[in-house]
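Working notes, beginning with the structure itself.
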Amino acid sequence: MKSWQTWRQLFLFALLTLVLSGCGIQELSTLRPQGPVAEMQFDLMKLSFSIMIGVFVVVMLIFTYVLIRYRKRPGQEGIPKQVEGSHTLEILWTVIPFLLLIVLAVPTVTTGFTLHKEYDNKEALQVKVIAHQFWWEFEYPDLGVATAQDLVIPAGKRVQFDVTSADVMHAFWIPALGGKIDTNPGLDNKIWLQADKPGIYYGKCAELCGASHALMDFKVEALPADEFDAWAKKMKAVQAAPATATAQQGQEIFKKSCLGCHAVAGEGGKLGPNLTNYADRMRVAGILENNPENLAKWLKDPQQVKPGNNMPNLNLSDDQVNALVEYMSTLSVKK
Ligand code: CUA
């Protein structure tokens with residue numbers, strides 16, 4: 001291969017690395033912690049990363065020195081003097097990694113205990129997280145409300161999560177706030193998190209759980225404390241009242257075909273996401289922008305949007321889909 005081709009390839013690889021490292025959403029990054037848990041975890045990352053860089057630099061310096069100092073010089077014959085065994089060196093390269101591991105272990109274990117101690121903070125808001133293939137259910141036992149896909153929390157307040165799964169293993173992860181933790185069927189795992197500022201944070205399922213694992217996203221909406229209280233109150237008192245005739249028709253269809261699995265305002269099944277505040281959500285099925293076209297697309301063929309999910313294709317006519325879309329756009333506690 002000509003040398004300019006090699007250089008061109010190297011350049012392309014370097015460019016690709018740069019472009020790929022720019023990927024990712026700010027609110028989905030562990031490198032921009034937005035709460036105390038994420039900050040503690042980020043501190044640990046910085047510590048281990050600094051140690052890694054230190055080790056790399058020292059090893060490379062010694063390596064370069066040896067390369068130059070002991071290179072073959074013109075006129076040199078035979079192989080250099082062979083050395084075997086050096087107690088000094090062996091002790092040195094056992095003790096140094098040992099010390100480095102201690103420096104890593106102490107803060108890691110301490111942080112683990114600090115986070116654990118806070119599990120039973122009585123001031124914290126309690127949220128029960130139930131993972132499903134491929135969506136998230138959030139219950140607020142103390143407030144008597146439930147939602148799905150968009151987790152609403154108060155900013156600046158601890159939230160204590162009891163996480164479990166309704167089917168297979170998933171993992172609950174909000175990179176900017178901290179985590180992650182496995183959700184196992186039949187087991188309650190605990191984690192607490194806090195968002196310091198109001199905002200939208202992105203959550204992910206972090207355990208391979210089936211065909212649509214990669215599409216098992218959710219959002220976290222951190223509201224100022226008073227807005228959160230108002231939200232919870234409205235969620236509890238909500239009564240969907242369809243305004244137009246089409247919406248009314250949609251409600252009929254919903255009652256007949258959807259309510260068995262999807263609850264609205266305290267009524268209905270729990271097999272699918274609770275839709276009480278569906279119209280306030282940012283996404284349809286957690287992944288598509290929430291607009292009428294995408295909802296229609298989802299209702300017409302859920303498998304096409306999220307392969308392997310449990311929502312059946314109801315074979316709805318266009319008119320039925322339109323009516324349902326109109327009805328579902330009334331399911332809001334904000335509008
Ligand atoms: Cu649920 Cu991956």
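A quick note: this is a predicted structure, and the numbers were derived from the prediction, not measured.
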Give, for atom OG1 of Thr244 and atom OH of Tyr327, the distance between the pair rounded to the nearest 0.5 Å. 12.0 Å
Flag, side chain of Thr164 to backbone of Leu187, donor-acceptor distance under 3.5 Å: yes
Is the backbone N or O of Gly308 less than 3.5 Å from a side-chain atom of Ser212, with the two atoms forming a donor-acceptor pair by type? no
For residues Trp173 and Leu215: do they belong to one hydrophobic cluster (side chain heavy atoms under 4.5 Å, members Ile, Leu, Val, Met, Phe, Trp, Tyr)? no
Do Glu139 and Lys270 sit within salt-bridge range, that is, some charged N less than 4.0 Å from a carboxylate O? yes
Would you say the side chains of Asp196 and Gln194 form a donor-acceptor pair under 3.5 Å? yes
Are Phe42 and Val220 connected in the hydrophobic side-chain network, where two residues link if heavy atoms are under 4.5 Å apart? no
When rounded to the nearest 0.5 angstrom, what distance separates NZ in Lys256 from CZ in Phe254? 13.5 Å
Contact between Leu177 and Val37 at the side-chain level, heavy atoms closer than 4.5 Å - yes or no? no
Does Ala285 offer a backbone N or O that forms a donor-acceptor pair with the side chain of Lys306 under 3.5 Å? yes
Donor-acceptor pair between Asn184 and Ser165 side chains, under 3.5 angstrom: no
Any side-chain heavy-atom pair of Tyr65 and Arg69 under 4.5 Å: yes
If you measure from SG on Cys205 to NE2 on His170, what distance do you get to the nearest 0.5 Å? 6.0 Å
Ignoring hydrogens and angles, tell me if any N or O in the side chain of Asn294 forms a donor-acceptor pair with the backbone of Leu288 under 3.5 Å. no
Using a 3.5 Å distance criterion without hydrogens, assess whether the side chain of Trp135 forms a donor-acceptor pair with backbone atoms of Gly272. no
Could you check whether any side-chain heavy atom of Glu207 comes within less than 4.5 Å of a side-chain heavy atom of Thr183, counting everything from C-beta outward? no
Any side-chain donor-acceptor pair under 3.5 Å between Thr276 and Asn274? yes
Report yes or no: does Gln149 contribute a side-chain atom to a donor-acceptor pair with the main-chain N or O of Arg281 at less than 3.5 Å? no
Any side-chain heavy-atom pair of Leu44 and Thr108 under 4.5 Å: yes
Mind checking whether Val66 and Leu61 sit in one hydrophobic cluster, side chains of I, L, V, M, F, W, Y counted as touching below 4.5 Å? no
Gln82 (side chain) donor-acceptor with Pro80 (main chain) under 3.5 angstrom: yes
Between the side chains of Lys204 and Asp217, is the shortest nitrogen-to-carboxylate-oxygen separation below 4.0 Å, so that they form an ion pair? yes
Are Phe138 and Phe218 close enough that their ring centres sit under 6.0 Å apart? yes
Are Phe172 and Trp136 near enough that their ring centres are under 6.0 Å apart? yes
Any non-hydrogen side-chain atom of Met311 less than 4.5 Å from a side-chain atom of Trp298? yes
Could you check whether any side-chain N or O of Gln34 sits under 3.5 Å from a backbone N or O of Lys197, counting only pairs where one atom can act as donor and the other as acceptor? no
Give a yes or no on whether a salt bridge exists between Asp150 and Arg283, defined as a side-chain N under 4.0 angstrom from a carboxylate O. no
Check for me whether the distance between the ring centres of Phe98 and Trp93 falls short of 6.0 Å. no
dist Leu92:CG -> His87:NE2 (nearest 0.5 Å) comes out at 14.0 Å
With rounding to the nearest 0.5 angstrom, report the NE2 to OH distance, His262 to Tyr278. 10.5 Å
Would you indicate whether the side-chain heavy atoms of Leu143 and Phe228 approach each other to under 4.5 Å? yes
